[in-house]
Amino acid sequence: MKKSMKKSFKSLMAVTLGALLGVSSFTATAADLKDCPEVKAIQERGVFKVGVKEDVVGFSVKDPLTGEYKGFEDSLAELIAKDIGADVEVEYTGVTAATRGALIDSGDLDAVLATFTITPERKQTWDFTTPYYKDAVTVLVEKKNNIKHLKDLVGKTVGVSSGSTSAKVLVQALIDNKVIEGKGFDAATFDPATWTEGVKFQQFDNYPAISTALAADEVQAFCVDKSILNIYKTASRDFIEERFAPQEYGVVTKKGSGLSAYVESLITKWLADGTIEKLIKENNL
């Protein structure tokens with residue numbers, strides 16, 4: 001292939017990556033992705049600042065004794081850091097569904113890998129890579145309460161994580177399955193704190209708190225992605241039959257950042273060559 005053709009191909013790939021991420025100002029070629037100011041800044045300070053969960057077994061858990069993080073998303077963050085520079089280390093910050101976006105906006109974090117579901121609304125605020133993991137939402141309940149289907153949730157209180165989309169997609173599932181009418185439901189303005197038709201919601205700062213509330217019957221159901229709920233399933237608990245609202249997780253970076261296209265190129269490469277699938281299996285996901 002002639003040099004001019006190679007350059008054209010690289011430019012086309014770069015524009016495609018930029019378009020996928022919604023980065024309208026992206027002009028660098030694929031070969032120059034690593035030379036963007038954001039990546040250079042990380043190389044110079046020798047630290048890749050990443051937001052992760054602290055309590056999602058398989059994805060990311062913080063060891064209370066050593067302070068070390070272990071899980072699929074932590075391993076993925078380490079791979080990104082290694083590609084940025086051999087001496088670059090990952091600096092982990094524990095985040096929740098309510099805090100992760102703000103820490104990207106403020107510049108305290110370079111990226112977030114924290115079971116962050118990709119939605120059209122969120123893509124207007126942040127850049128997401130191609131999904132590195134796909135899941136779906138369901139509901140965990142205590143067997144003694146005999147809740148087996150969505151219709152059995154009527155009149156119950158459901159525990160959800162603050163800042164998550166779980167409550168909204170559960171209400172949508174109730175409407176789609178004709179359990180409730182859903183009069184007045186608007187996905188764009190939905191607020192779990194004020195919803196009362198069919199079910200009520202109680203919001204918590206973290207997943208262990210919801211699990212504790214479920215055991216104490218403070219809530220009668222725990223709603224979030226099934227991969228997260230697996231951690232809290234015990235002999236006395238079970239899932240309802242329905243799964244709904246497919247969830248896709250992506251690496252999140254600041255909107256329009258040069259880091260966005262660079263990380264996207266890594267994720268697509270690792271999806272293609274089996275690297276990500278290997279990490280998923282290693283973490284029993």
Side-chain angles (χ1 to χ4, degrees), residues 53-61 71 96-98 114-119 121 133-249 283-285:
K53 294 286 184 67
E54 295 187 339
D55 54 5
V56 184
V57 176
F59 285 89
S60 179
V61 172
T96 66
T115 60
F116 210 148
T117 302
I118 303 168
T119 68
E121 294 80 13
Y133 191 86
K134 297 182 180 181
D135 198 9
V137 177
T138 190
V139 178
L140 184 67
V141 296
E142 293 286 351
K143 291 179 180 178
K144 65 181 181 180
N145 290 330
N146 200 33
I147 300 171
K148 299 181 182 298
H149 298 277
L150 283 168
K151 63 183 178 63
D152 300 326
L153 292 171
V154 173
K156 303 297 191 295
T157 299
V158 181
V160 295
S161 176
S162 299
S164 74
T165 60
S166 302
K168 179 170 65 177
V169 299
L170 175 56
V171 171
Q172 185 66 67
L174 291 170
I175 295 170
D176 293 344
N177 285 270
K178 303 186 185 307
V179 175
I180 62 173
E181 182 181 351
K183 186 177 180 180
F185 175 75
D186 184 344
T189 60
F190 177 80
D191 183 358
T194 60
W195 185 263
T196 58
E197 184 186 351
V199 296
K200 293 182 179 180
F201 295 100
Q202 186 168 341
Q203 300 181 79
F204 297 83
D205 290 335
N206 56 63
Y207 302 125
I210 307 176
S211 181
T212 299
L214 181 62
D217 201 38
E218 183 180 345
V219 300
Q220 292 75 53
F222 180 176
C223 181
V224 73
D225 305 359
K226 189 173 186 294
S227 57
I228 297 172
L229 285 177
N230 281 330
I231 306 155
Y232 302 99
K233 187 179 182 301
T234 63
S236 68
R237 295 174 173 180
D238 210 347
F239 301 112
I240 64 169
E241 292 293 329
E242 295 89 350
R243 293 181 67 185
F244 46 92
Q247 306 290 295
E248 297 182 327
Y249 304 152
N283 288 279
N284 298 314
L285 295 174

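Please read these numbers as outputs of a predicted model, since none were measured by experiment.
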Closest contact, heavy atoms only, [X] versus [Y]:
| X | Y | result |
| --- | --- | --- |
| A213 | F204 | CB-CZ, 3.5 Å |
| F222 | L214 | CB-CD2, 4.1 Å |
| S162 | D205 | OG-OD1, 4.2 Å |
| A221 | V141 | CB-CG1, 4.0 Å |
| K53 | T115 | NZ-OG1, 2.8 Å |
| E242 | L150 | OE1-N, 3.1 Å |

Measuring from [X]:[atom1] to [Y]:[atom2], what's the distance to the nearest 0.5 Å?
| X | Y | atom1 | atom2 | value |
| --- | --- | --- | --- | --- |
| N145 | L153 | CG | CG | 10.5 Å |
| T138 | D225 | OG1 | CG | 10.5 Å |
| E218 | Q202 | CD | CD | 4.0 Å |
| F59 | D135 | CZ | CG | 6.5 Å |

Over 12 foreign heavy atoms within 6.0 Å of NZ, K134: no

Would you check if [X] and [Y] make a side-chain contact, meaning some heavy-atom pair closer than 4.5 Å?
| X | Y | value |
| --- | --- | --- |
| N146 | D152 | no |
| E142 | S236 | yes |
| V179 | V154 | yes |
| F244 | N177 | no |

Centroid-centroid distance, F201 to W195, less than 6.0 Å: no

Pair T117-Q247, side-chain donor/acceptor within less than 3.5 Å: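 Yes, because at least one side-chain N or O of T117 sits under 3.5 Å from a partner of the opposite role on Q247.
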
